Amino acid sequence: MTNVLDIYEERGFLEQVTEKTLVRKLLDNPTACYIGFDPTAKSLHVGSLLPIMSLVHLQRMGHRPIIVIGGGTGMVGDPSGKTELRRVMTRDEIEENVSALKKQLERFLDFDNDKAIIINNADWLTKLNYIDFLRNFGRHFSVNRMLTAESYRARMKTGLSFIEFNYMLLQAYDFWYLFKHHNCRLQMGGNDQWGNILAGEDLIRRLERETVHGITFPLLTTSTGIKMGKTHKGAVWLDPDLTSPYDYYQYWINQDDSDIGRFLALFTLLPMKEVNTLGGLEGAAIREAKKILAYEATKLCHGENEAQDARLAAKKLFGDSKSFDSESIPTFSINKQEFDVGTPAFILFEKSGLCKSRSEARRLISQGGGYVQDQKILSFDQIINTKNLEDSSHLLLRAGKKRYMKIEIS
RNA sequence: GGAGAGGUUCCCGAGUGGUUAAAGGGAGCAGACUGUAAAUCUGCCGGCAAAGCCUUCGGAGGUUCAAAUCCUCCCCUCUCCA
């Protein structure tokens, strides 16, 4: 049987490992492994996909993923990767997010019979007593050591508050808690978590004289060096209400050529043979690989049907024979009366959500980036009404080359 | 607690009484070129039915015909000292 570690290695998941031979040995047998997720938003986004995929592989190989939602640590704020003090969230906000995230993860992992579990660290962290905590756990942390951690060193210039400084202790405590209660001997996370993971490993060694392990993943940036998952609309969410499966599919298909091979390995479950073949494509042929990446990634997140719809919509909108009727193109409804009267183009663009403001819509159209039924709109205040429909039953607006919006008349 | 520096539009960062919706860079958007890619070039990049008007430079007041810029108080951050 293959060891997950080999899968990770082959697919490019590994950045740092505490000790490879020992981790491999550990993973020869079913193991509980934890990853923490921040409840700072009500949905996970593409940036969290890498850890999620790592758990998918883990579970497929017979191990047990433990997802820790940082409801407790979220109240403190992880300084890693942040240049500024994080906003402190209220308990209610966090609670709400915790349940939303749980739902999303269920798409990727099987939680039946506790094959994977989700827990909120607020359950144990909020019960801690300060003095007891200091005496029993705080004594094992050397401030001198902590200050050498990259995450803290980076903050020495810009400032670091005491509440954030404690984050590392809490995450270490998490690891210890999971070790005690769930026999968890492995923690994974983004490379910015390395220091926190080591702190936990260290704590468990001191308290329990046991060796546990950690793995970190590379922090993904696109080839252009930008953090993944941002578009002009903001983050790319896994929640279909925040980012439609159509947009999700489009996000993947628009990735840089040079990222495709790497992303296929990380974000799909295709066999590596296939990944390597697709990743080796060059020139325009890469588009085929992108289609597969987009389809597979959408399928994992939203299911097969949604992925097919998104693919079909893309084919219709971007293929040779353009057609404008597809189910999964983002749609905006307008009532018939209002439509018959007519609306200036820039207002329609703003209303439908294609543009964030009317000014933006004006600019777009003035610069020649606004289309109705594939016809360029010549002036921003051109009236759009029934006449533009021609034979069609609905209207298709386009912003730039790639963003579409279907207008339905109801 | 003391001394100093600072908080500017998504981010970085200029600006120290009118010519400032605020330089420059990054990100983003559009056009050209393409392959729904990258690179490159060009334009845009607070809002508004818009050659005008309105709102922005940590917050609240004040001086002035005129304030991001000057004064007062407050809040926050950093550096050094305790």
Side-chain angles (χ1 to χ4, degrees), chain A residues 79 81-88 154-164 221-236 246-264 278-279 281-295 297-298 310-322 326 328-330 341-351 353-371 374 376-384 396-404:
Chain A
K82 299 277 165 183
T83 48
E84 282 170 39
L85 178 63
R86 190 182 277 199
R87 193 175 74 89
V88 177
R155 289 288 298 275
M156 293 314 285
K157 290 187 245 44
T158 54
L160 176 72
S161 74
F162 188 66
I163 186 173
E164 290 177 295
T221 53
T222 63
S223 303
T224 40
I226 309 303
K227 210 190 257 174
M228 270 194 82
K230 298 282 160 131
T231 66
H232 95 287
K233 280 183 184 166
V236 178
Y246 169 81
D247 285 330
Y248 192 78
Y249 182 93
Q250 288 297 317
Y251 171 75
W252 288 106
I253 214 158
N254 281 312
Q255 294 299 325
D256 287 8
D257 285 8
S258 47
D259 289 325
I260 299 305
R262 194 161 54 117
F263 287 180
L264 278 164
L278 289 169
L281 294 175
E282 285 185 7
I286 292 179
R287 272 186 307 159
E288 287 312 311
K290 288 187 180 180
K291 282 181 194 165
I292 292 169
L293 169 66
Y295 177 77
T298 310
R311 183 165 63 181
L312 191 67
K315 198 175 172 188
K316 286 189 172 172
L317 293 173
F318 296 100
D320 296 330
S321 57
K322 287 202 174 181
S326 174
S328 53
I329 303 170
V341 175
T343 316
F346 73 104
I347 293 182
L348 195 60
F349 270 69
E350 182 266 337
K351 265 192 174 171
L354 268 179
C355 294
K356 279 183 235 141
S357 69
R358 293 180 181 183
S359 295
E360 188 183 306
R362 255 170 196 262
R363 262 178 246 127
L364 175 82
I365 298 168
S366 305
Q367 288 178 121
Y371 296 80
D374 229 27
K376 186 181 277 185
I377 300 170
L378 299 173
S379 94
F380 69 85
D381 54 359
Q382 184 179 318
I383 301 294
I384 307 291
L396 191 80
L397 301 184
R398 195 175 108 207
K401 265 173 281 200
K402 313 180 208 174
R403 284 155 47 225
Y404 288 90

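Predicted model only: the values in this text are computed from it and were never measured. Naming: A, B, ... by sequence-line order, numbering from 1 per chain.
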Engineer: Would you kindly compare A/Gly369 and A/Lys401 by the position of their nearest RNA chain B nucleotide and give the one closer to the 5′ end?
Structural biologist: A/Gly369
Engineer: Given the C1' atoms of B/U19 and B/C81, what is the spacing between them in whole Å?
Structural biologist: 46 Å
Engineer: Are A/Tyr404 and A/Phe318 an aromatic pair by the rule of ring centers under 6.0 Å?
Structural biologist: yes
Engineer: Rounded to whole Å, please give me the gap between CG in A/Asn254 and P in B/U34.
Structural biologist: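 Rounded to the whole Å, the gap is 18 Å.
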Engineer: Select from A/Asp257 and A/Ala399 the residue whose nearest nucleotide in RNA chain B is closer to the 5' end of that strand.
Structural biologist: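 It is A/Ala399, whose closest nucleotide lies nearer the 5' terminus.
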Engineer: Taking the side chain as C-beta and beyond, is there a heavy-atom pair between A/Tyr246 and A/Pro330 under 4.5 Å?
Structural biologist: yes
Engineer: Nearest heavy-atom pair of A/Thr343 and A/Leu348: which atoms, and what distance?
Structural biologist: CG2-N, 4.1 Å
Engineer: Is it the case that the side chains of A/Asp381 and A/Ser379 hold a donor-acceptor pair, with the cut-off being a distance below 3.5 Å and no angle test?
Structural biologist: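 A/Ser379 vs A/Asp381: donor-acceptor pair found between side chains.
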Engineer: Using atom P in both nucleotides, what's the gap between B/U79 and B/U64 to the nearest angstrom?
Structural biologist: 40 Å
Engineer: Between protein and nucleic acid, restricted to nucleotides 21-24 of chain B and to nitrogen or oxygen atoms under 3.5 Å apart, what atom pairs and distances do you find?
Structural biologist:
none

Engineer: Which atom pairs link the protein and nucleotides 53-58 of chain B when you take only N or O atoms and keep those under 3.5 Å?
Structural biologist:
none

Engineer: Closer than 4.0 angstrom, basic N to acidic O: yes or no for A/Lys291 and A/Glu288?
Structural biologist: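 Salt bridge present between A/Lys291 and A/Glu288.
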Engineer: Could you pull out the closest heavy-atom pair between A/Leu264 and A/Gly279, with the gap in Å?
Structural biologist: CD1-N, 4.5 Å
Engineer: Taking side chain to side chain contact (heavy atoms under 4.5 Å, CB included) as the test, write out the residues that go with A/Leu378, two or more places apart.
Structural biologist: A/Gln382
Engineer: Between A/Ser357 and B/G46, is there a side-chain N or O to OP1/OP2 distance below 4.0 Å?
Structural biologist: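 It does not, given that no N or O in the side chain of A/Ser357 lies less than 4.0 Å from OP1 or OP2 of B/G46.
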Engineer: Search all heavy atoms of A/Gly342 against all heavy atoms of A/Ile383 and return the closest pair with its distance.
Structural biologist: CA-CG2, 3.7 Å
Engineer: For A/Arg403, is there an ion pair with A/Asp247 - N to carboxylate O distance below 4.0 angstrom?
Structural biologist: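 Not counted as a salt bridge, because no side-chain N and carboxylate O are separated by less than 4.0 Å.
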Engineer: For B/C74 versus B/G1, give the span between their P atoms, rounded off to a whole number of Å.
Structural biologist: 12 Å
Engineer: A/Ser357: what forms a side chain to side chain donor-acceptor pair (under 3.5 Å) with it, not counting sequence neighbours?
Structural biologist: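 Here no residue qualifies.
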Engineer: Partners of A/Arg358 by salt bridge (charged side-chain N to carboxylate O under 4.0 Å, His left out), sequence neighbours excluded?
Structural biologist: A/Glu350
Engineer: Quick one: stems involving RNA chain B, counted as three or more successive Watson-Crick or G-U pairs, both distances short of 3.5 Å.
Structural biologist: B:1-7 with B:75-81, B:10-12 with B:24-26, B:28-32 with B:40-44, B:46-48 with B:52-54, B:58-62 with B:70-74
Engineer: Quantified in whole Å, what is the P atom distance between nucleotide B/G43 and nucleotide B/G18?
Structural biologist: 28 Å
Engineer: A/Leu364: what forms a side chain to side chain contact (heavy atoms under 4.5 Å, CB included) with it, not counting sequence neighbours?
Structural biologist: A/Phe349, A/Cys355, A/Ala399
Engineer: Ignoring hydrogens, what is the shortest heavy-atom contact between A/Tyr251 and A/Val236? Give both atom names and the distance.
Structural biologist: CD1-CG2, 3.4 Å
Engineer: So, does the side chain of A/Ser258 form a donor-acceptor pair with the base of B/A38 at under 3.5 Å?
Structural biologist: no
Engineer: To the nearest angstrom, how far is A/Arg362 atom CZ from B/G46 atom P?
Structural biologist: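 Rounding to the nearest Å, CZ of A/Arg362 and P of B/G46 are 14 Å apart.
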Engineer: Which nucleotide in the list B/G31, B/U36, B/G35 gets nearest to the side chain of A/Lys290?
Structural biologist: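 Minimum distance to the A/Lys290 side chain belongs to B/G35.
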Engineer: Determine the interatomic distance between P on B/C48 and the same-named atom on B/U55; round to the nearest Å.
Structural biologist: 15 Å
Engineer: For the C1' atoms, the ones on B/U40 and on B/A49, what distance do you get once it is rounded to whole angstrom?
Structural biologist: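 37 Å, rounded to whole Å.
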Engineer: What is the distance from NZ of A/Lys315 to P of B/G35, rounded to the nearest Å?
Structural biologist: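 A/Lys315 atom NZ is separated from B/G35 atom P by 19 Å.
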Engineer: For the pair made of CZ in A/Phe318 and P in B/G35, what is the distance, rounded to whole Å?
Structural biologist: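 Taking CZ of A/Phe318 and P of B/G35, I get 15 Å after rounding.
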Engineer: What's the closest nucleotide to the A/Ile253 side chain, out of B/A37, B/A49, B/U36?
Structural biologist: B/U36
Engineer: Could you tell me which residues satisfy side chain to side chain contact (heavy atoms under 4.5 Å, CB included) with A/Tyr295, sequence neighbours excluded, listed by chain and number?
Structural biologist: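 Here the qualifying residues are A/Tyr249, A/Lys299, A/Glu304, A/Ala307, A/Gln308, A/Arg311.
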Engineer: Does any non-hydrogen side-chain atom of A/Tyr248 lie less than 4.5 Å from one of A/Ile253?
Structural biologist: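 Sidechains of A/Tyr248 and A/Ile253: no contact.
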Engineer: I want to verify a distance call: between B/G35, B/A49, B/A37, whose nearest atom is closest to the A/Ala284 side chain?
Structural biologist: B/G35
Engineer: Polar atom pairs between nucleotides 41-45 of chain B and protein, under 3.5 Å, N or O only, would you list them?
Structural biologist:
from  : atom 1 : to       : atom 2 : distance (Å)
B/G43 : N2     : A/Gln367 : OE1    : 2.9
B/G43 : N3     : A/Gln367 : OE1    : 3.1
B/C44 : O4'    : A/Gln367 : OE1    : 3.3

Engineer: For nucleotides 78-81 of chain B, print each protein N/O atom paired with a nucleotide N/O atom at under 3.5 Å, atom names and distance only.
Structural biologist:
from  : atom 1 : to       : atom 2 : distance (Å)
B/C78 : O3'    : A/Lys157 : O      : 3.4
B/U79 : OP1    : A/Met156 : O      : 3.1

Engineer: Using atom CZ of A/Arg403 as one end and atom C1' of B/A30 as the other, report the distance to the nearest whole Å.
Structural biologist: 10 Å
Engineer: Please confirm whether the shortest side-chain N or O distance from A/Arg287 to OP1 or OP2 of B/U34 is below 4.0 Å.
Structural biologist: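 It does not, given that no N or O in the side chain of A/Arg287 lies less than 4.0 Å from OP1 or OP2 of B/U34.
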Engineer: Taking CZ from A/Arg358 and P from B/G46, how many angstroms apart are they, rounded to a whole number?
Structural biologist: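 The distance from CZ of A/Arg358 to P of B/G46 comes to 18 Å, rounded to the nearest Å.
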Engineer: Looking only at heavy atoms, what is the nearest atom pair of A/Leu354 and A/Glu360, with distance?
Structural biologist: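 For A/Leu354 and A/Glu360, the tightest heavy-atom pair comes out as O-OE2, 4.4 Å.
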Engineer: Between P on B/A50 and CD on A/Glu350, what's the gap in Å once rounded to a whole number?
Structural biologist: 16 Å
Engineer: Write down the distance separating the C1' atoms in B/A22 and B/A60, rounded off to the nearest Å.
Structural biologist: 23 Å
Engineer: Taking the C1' atom of each, how far is B/A14 from B/U69, in whole Å?
Structural biologist: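 Nearest-Å result for B/A14 against B/U69 at atom C1': 13 Å.
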Engineer: With sequence neighbours excluded, tell me which residues meet side chain to side chain contact (heavy atoms under 4.5 Å, CB included) with A/Arg287.
Structural biologist: A/Ala284
Engineer: Within a strict 4.5 Å, meaning less than it, do heavy atoms of the A/Lys290 and A/Ile260 side chains meet?
Structural biologist: yes
Engineer: Between A/Ile286 and A/Leu281, what is the shortest heavy-atom contact and its length?
Structural biologist: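 What the structure gives for the nearest pair is CG1-O, 3.3 Å.
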Engineer: In whole Å, what is the span from the CZ atom of A/Arg262 to the P atom of B/A37?
Structural biologist: 19 Å
Engineer: So what does A/Gly283 hit on the nucleic acid, given a heavy-atom distance under 4.0 Å: a base, only sugar-phosphate, or nothing?
Structural biologist: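 If one applies the 4.0 Å heavy-atom cut-off, A/Gly283 turns out to touch a base.
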Engineer: Mind checking A/Leu364 for me? I need base, sugar-phosphate or nothing, with any heavy atom below 4.0 Å counting as a touch.
Structural biologist: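 Touches sugar-phosphate only.
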